[in-house]
Protein chains: 2
Amino acid sequence: MDTLEIPVETVFAPRPALSAADEKLKVTQDLFIRRWGEMGATWGINRTMAEIHALLYIMGQPCCTDDVMERLNISRGNASMSLRGLCDWGIIRRLHKRGERREYFESLTDVWEIFSIIAAERKRREMDPVLETIRQCQVMLSEASLGKAAAKRDSVRLTRERLASMEEFMEVTNKIFQQFIGNAKSGLTRVVKVLLKAF
Amino acid sequence: MDTLEIPVETVFAPRPALSAADEKLKVTQDLFIRRWGEMGATWGINRTMAEIHALLYIMGQPCCTDDVMERLNISRGNASMSLRGLCDWGIIRRLHKRGERREYFESLTDVWEIFSIIAAERKRREMDPVLETIRQCQVMLSEASLGKAAAKRDSVRLTRERLASMEEFMEVTNKIFQQFIGNAKSGLTRVVKVLLKAF
DNA sequence: CGATTGTTTCAGTAACTACTGAAATAGGAG
DNA sequence: CTCCTATTTCAGTAGTTACTGAAACAATCG
């Protein structure tokens, strides 16, 4: 079997050498990016998307698709899909530079804002449906035990009770989320005050 | 090809017929269980584990491994592993009945307690490592820019700033978690008061 | 218009996670 | 000890999700 003889520097394209300080910066950023990615993975968002977000956040300056691909060593397709996903979430933004053809992306800078966007979305997707289901269950149980001694049987009573306390919990939690979401920009101080009034 | 002729009632073991009310109760519980499972899936815990927990919670009475297997239609192995997992989390308990050989399981009944256990674990597993990493990054950056003009270069400055605001955010969030975790049993009212003092 | 550059889509596949069913293990009763 | 029942472990596999690379598409320029 023949082997192609290609000069190494053709395959591994030469890069501008990094100064020691630049190298250290890069290593630091990479560490942050990796950890952030791991966290994202346990959070519904997938690892790569989280890493891209971390990259844009920590760089503090706009990057284009190729920057992201190169830095994180991922394919064009993956980069494109993930960037779009992050834009859909609203935690990064597309950015056109004057006279430039290619698109850049930058992360929101306000951490409170980033997290409140995520919180809002998670509430909508995860808590709201559960709360709705609990209410639906309560209605079903009422119907089931109408005009019966059944309403007093243990099994029904127990299920009723459990549904009720779960509902109470989720309602309170929902209120907290709502306040958090609506007030993120001003930090938590105000949220706490508002909450105190609510109880 | 031959077919085995097995009486239907041999394959599908006869079950005690359910009354209309019991049937309705079961359907209601199943609805809750399914939704809870879906939510769990987006929460790091897997669907089956979440469903088992939902079952034990909503039933309000201890079940054994076979009850769980039959009700959720899962294998013995799966049931065994998942029940153990839930015990490890601490949101269900093993329970021996006098004179009975087999083990029963029951869910904690206090919703606040259940969620504070989950919150504590998630904080430990997800937030703490990130906070630690951020601090580590800050140290690395300091070293990198010692005795250099580098400290003033944009890229380093930007990264520094980002790390700092993320750290601030996570510290506040951590405090909230801590309060929540420590005070779950008494509901949120107290937590809110404590928080107010803290800021 | 065609050439050039950048972006999106998507079929195929790699990597991973969850589940089953059977075998191994544990432990109480006789 | 053996027998019996309950539980755990685990190899193999089904099912799922994430990623690549190439092709299709879009947009700008000369």
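The chains referred to below are lettered A, B, ... by the order of the sequence lines, with proteins before strands, and numbering in each begins at 1.
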Closest nucleotide among D:dT7, D:dT20, C:dT20 to the B:Ser75 side chain: C:dT20
Atom-pair distance (CZ on B:Arg94; P on D:dA6), nearest Å: 15 Å
Given D:dT5, D:dA18, C:dA18, the nucleotide with the shortest approach to the side chain of B:Arg101: D:dT5
Whole-Å distance separating the CE atom of B:Met69 from the C1' atom of D:dA6: 11 Å
A:Ser80 side-chain N/O to C:dT7 phosphate OP1/OP2 under 4.0 Å: no
Under 4.0 angstrom between A:Arg102 side-chain N/O and C:dG6 OP1 or OP2: yes
A:Phe177 six-ring centre to A:Lys123 NZ/CZ under 6.0 Å and within 45° of normal: no
Interatomic distance, A:Asn46 CG vs D:dA18 C1' [rounded to whole Å]: 7 Å
Salt bridge B:Glu51-B:Arg34, side-chain N to carboxylate O under 4.0 Å: no
A:Met81 CE - D:dA24 P separation (whole Å): 17 Å
Side-chain N or O of A:Thr65 closer than 4.0 Å to phosphate OP1/OP2 of C:dT7: yes
Proximity to the side chain of B:Arg76 - top-ranked nucleotide from D:dC10, D:dC19, D:dT7: D:dT7
Gap between atoms CD and P, on A:Glu100 and C:dT4 respectively (whole Å): 19 Å
Nearest-angstrom distance from the residue atom CZ of B:Arg84 to C1' of D:dT7: 10 Å
Any B:Met127 side-chain heavy atom under 4.5 Å of B:Met170 side chain: yes
Contact check, side chains of A:Met49 and A:Trp89, non-hydrogen atoms, under 4.5 Å: yes
Interatomic distance where CG belongs to A:Asn73 and C1' belongs to D:dG21 [whole Å]: 14 Å
Side chain of B:Ile74 (C-beta onward), nearest among D:dA18, C:dT20, C:dG27: C:dT20
Residues A:Glu38 and A:Arg47 bridged, charged N to O under 4.0 Å: no
Nucleotide nearest B:Asn78 (side chain, heavy atoms from C-beta), chosen from C:dT4, D:dT5, C:dT20: C:dT20
Length of the CG-P vector between A:Leu86 and D:dA18, whole Å: 13 Å
